[in-house]
Q: 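My structure is below; once you've seen it, I'll send some questions.
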Amino acid sequence: MSKPRFITFEGIDGSGKSTQSRRFAEHLQTQGADIILTREPGGSPGAEEIRQLVLTGDPERWSAETEILLFTAARRDHLEKTIQPALAAGKTVICDRFADSTRVYQGATRGDLRMMVDQLHSLMIEREPDLTFIIDMDPAIALERGLARKSGEDRFEDFGLSFQETLRHGFLALAHADPKRCVLIDGNRTPDQIASEIAAYA
Ligand code: ADP
Ligand code: MG
């Protein structure tokens with residue numbers, strides 16, 4: 001039995017993270033692995049409450065800095081209550097979005113707060129995934145998918161195409177900065193093609 005792994009899926013909205021994290025979890029389960037599939041923001045009862053505080057209601061309610069503190073608090077709770085206990089129990093954890101999303105989104109919105117994100121991460125989170133799939137794709141197609149989708153489990157942020165391009169480049173930069181952890185996946189293919197490439201990492 002291989003060592004339990006912490007695996008994350010990242011990429012812009014509509015890139016197929018939820019689809020592929022579900023499919024990879026199912027694939028590992030058919031091989032007999034003990035899996036938990038979780039997501040951010042949220043993933044533990046406390047973090048889900050914080051998610052509601054941040055993602056619903058008046059978008060001006062929190063400053064960019066307070067929002068990062070809330071996301072960091074949510075991630076800390078998710079780590080303490082869901083991720084670490086599962087890993088300690090020998091389970092593999094698959095998480096749909098994690099710290100890379102905060103790095104890219106908070107680094108690109110409402111002023112560049114990337115340094116603050118990194119400082120809070122090293123203080124309060126520290127844990128990096130063992131493996132991260134970054135699904136890269138044409139933002140125009142991702143945007144169409146997102147808009148076609150019914151009310152999703154994700155906040156769908158329609159910031160427009162040029163912003164999606166900025167986010168895409170943020171994810172690409174992370175993939176290039178940490179090639180040991182990050183695997184870049186071409187999302188401009190069918191779900192089956194993508195899932196079979198990812199299945200090779202089982
Ligand atoms: P994300 O979680 O990254 O926002 P989803 O997995 O929810 O993306 O996919 C967004 C939408 O696109 C969903 O309706 C999903 O069924 C569809 N979809 C996902 N992957 C593909 C793909 N490879 N080709 C076409 N449509 C896809
Ligand atoms: Mg999703």
Side-chain angles (χ1 to χ4, degrees), residues 6-30 35-44 47-52 54-56 59 67 70-71 74-75 78-79 82-83 92-109 129 131-175 181-202:
F6 176 32
I7 300 169
T8 59
F9 282 77
E10 298 280 4
I12 59 175
D13 258 332
S15 59
K17 297 177 297 300
S18 298
T19 304
Q20 295 299 330
S21 49
R22 202 157 45 231
R23 291 198 51 166
F24 193 49
E26 286 163 5
H27 177 71
L28 293 174
Q29 268 159 352
T30 62
I35 301 293
I36 71 155
L37 177 59
T38 184
R39 62 110 188 239
E40 288 204 355
S44 62
E48 292 290 334
E49 285 183 49
I50 296 171
R51 176 193 174 100
Q52 291 305 313
V54 180
L55 299 188
T56 58
E67 195 172 285
L70 289 166
F71 278 133
R75 179 160 303 129
H78 186 207
L79 201 61
T82 303
I83 297 171
T92 284
V93 176
I94 297 180
C95 190
D96 179 355
R97 289 194 183 283
F98 190 64
D100 295 322
S101 282
T102 311
R103 294 180 175 119
V104 169
Y105 278 80
Q106 262 51 40
T109 54
L131 176 64
T132 297
F133 295 106
I134 295 185
I135 307 181
D136 177 53
M137 68 174 302
D138 180 348
I141 297 169
L143 198 63
E144 273 170 33
R145 286 187 194 166
L147 294 175
R149 179 172 55 186
K150 300 213 165 53
S151 79
E153 72 281 13
D154 265 343
R155 164 164 70 167
F156 182 73
E157 295 179 290
D158 182 10
F159 290 122
L161 217 45
S162 74
F163 186 66
Q164 295 296 324
E165 268 304 346
T166 304
L167 296 175
R168 179 193 190 183
H169 286 102
F171 283 114
L172 285 173
L174 286 178
R181 170 172 70 88
C182 300
V183 176
L184 201 56
I185 298 290
D186 176 7
N188 300 294
R189 295 175 293 165
T190 67
D192 282 353
Q193 287 171 323
I194 299 166
S196 72
E197 183 184 351
I198 292 172
Y201 293 86

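Everything numeric here is computed off the predicted structure, so don't read it as measured data. Ligands are counted one by one from 1 in listed order, and the atoms in each one are counted from 1 as well. Worth knowing before you read on, the calculation uses all heavy atoms, side chains too, and leaves out hydrogens, waters and symmetry mates.
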Q: Under the side chain to side chain donor-acceptor pair (under 3.5 Å) rule, collect the residues that match up with Asp138, sequence neighbours excluded.
A: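 With sequence neighbours excluded, Asp138 shows a side chain to side chain donor-acceptor pair (under 3.5 Å) to no residue whatsoever.
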Q: How far does CD1 of Ile50 sit from CG of Leu55, to the nearest 0.5 angstrom?
A: 11.0 Å
Q: What's the shortest heavy-atom distance between Ile12 and Met137, and which atoms?
A: CD1-O, 4.0 Å
Q: Which atoms of ligand 1 sit under 4.0 Å from any heavy atom of Arg189?
A: 22 (C), 23 (N), 24 (N)
Q: Answer with yes or no whether Ser15 contacts ligand 1, where contact means a heavy atom under 4.0 Å from a ligand atom.
A: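 Yes; Ser15 lies near enough to ligand 1 that a heavy-atom distance drops under 4.0 Å.
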Q: Examine the proximity of ligand 1 to Ile135 and report which part, side chain or backbone, both or neither, has a heavy atom under 4.0 Å away.
A: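 Near ligand 1, Ile135 shows nothing, with every heavy atom at 4.0 Å or more.
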Q: List every atom of ligand 1 that sits less than 4.0 Å from any heavy atom of Ile12, numbering the atoms from 1 in the order shown and giving each element.
A: 3 (O)
Q: Looking at the Mg ion (ligand 2), is there an N, O or S atom belonging to Thr19 that lies under 2.8 Å away from it?
A: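 Of the N, O and S atoms in Thr19, none lies under 2.8 Å from the Mg ion (ligand 2), which means no.
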Q: Could you list the atoms of ligand 1 found under 4.0 angstrom from a heavy atom of Thr190?
A: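 Near Thr190, the atoms of ligand 1 are 23 (N).
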Q: Can you sort out the partners of Arg181 under side chain to side chain donor-acceptor pair (under 3.5 Å), two or more places apart, ordered by chain and number?
A: Asp100, Thr132, Asp178
Q: Under a 4.5 Å cut-off applied to non-hydrogen side-chain atoms, are Phe98 and Ile83 in contact?
A: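 They are in side-chain contact.
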Q: Do any nitrogen or oxygen atoms of Ile194 lie less than 3.5 angstrom from nitrogen or oxygen atoms of ligand 1?
A: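 Looking only at distances, the answer is no, because the N/O contact criterion of under 3.5 Å is not met.
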Q: If you count the non-hydrogen atoms of other residues, nucleotides and ligands that lie under 6.0 Å from CD in Gln29, is the total more than 12?
A: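 Buried by this count: over 12 neighbours within 6.0 Å.
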Q: If I apply the N/O under 3.5 Å rule, does Asp96 come out as touching ligand 1?
A: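 Not met; the criterion fails.
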Q: Restricting to non-hydrogen atoms, name the atom on Pro139 and the atom on Arg168 that form the minimum distance, rounded to 0.1 Å.
A: CD-NH1, 3.9 Å
Q: Kindly confirm or rule out an N or O of Gln20 lying under 3.5 angstrom from an N or O of ligand 1.
A: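 No.
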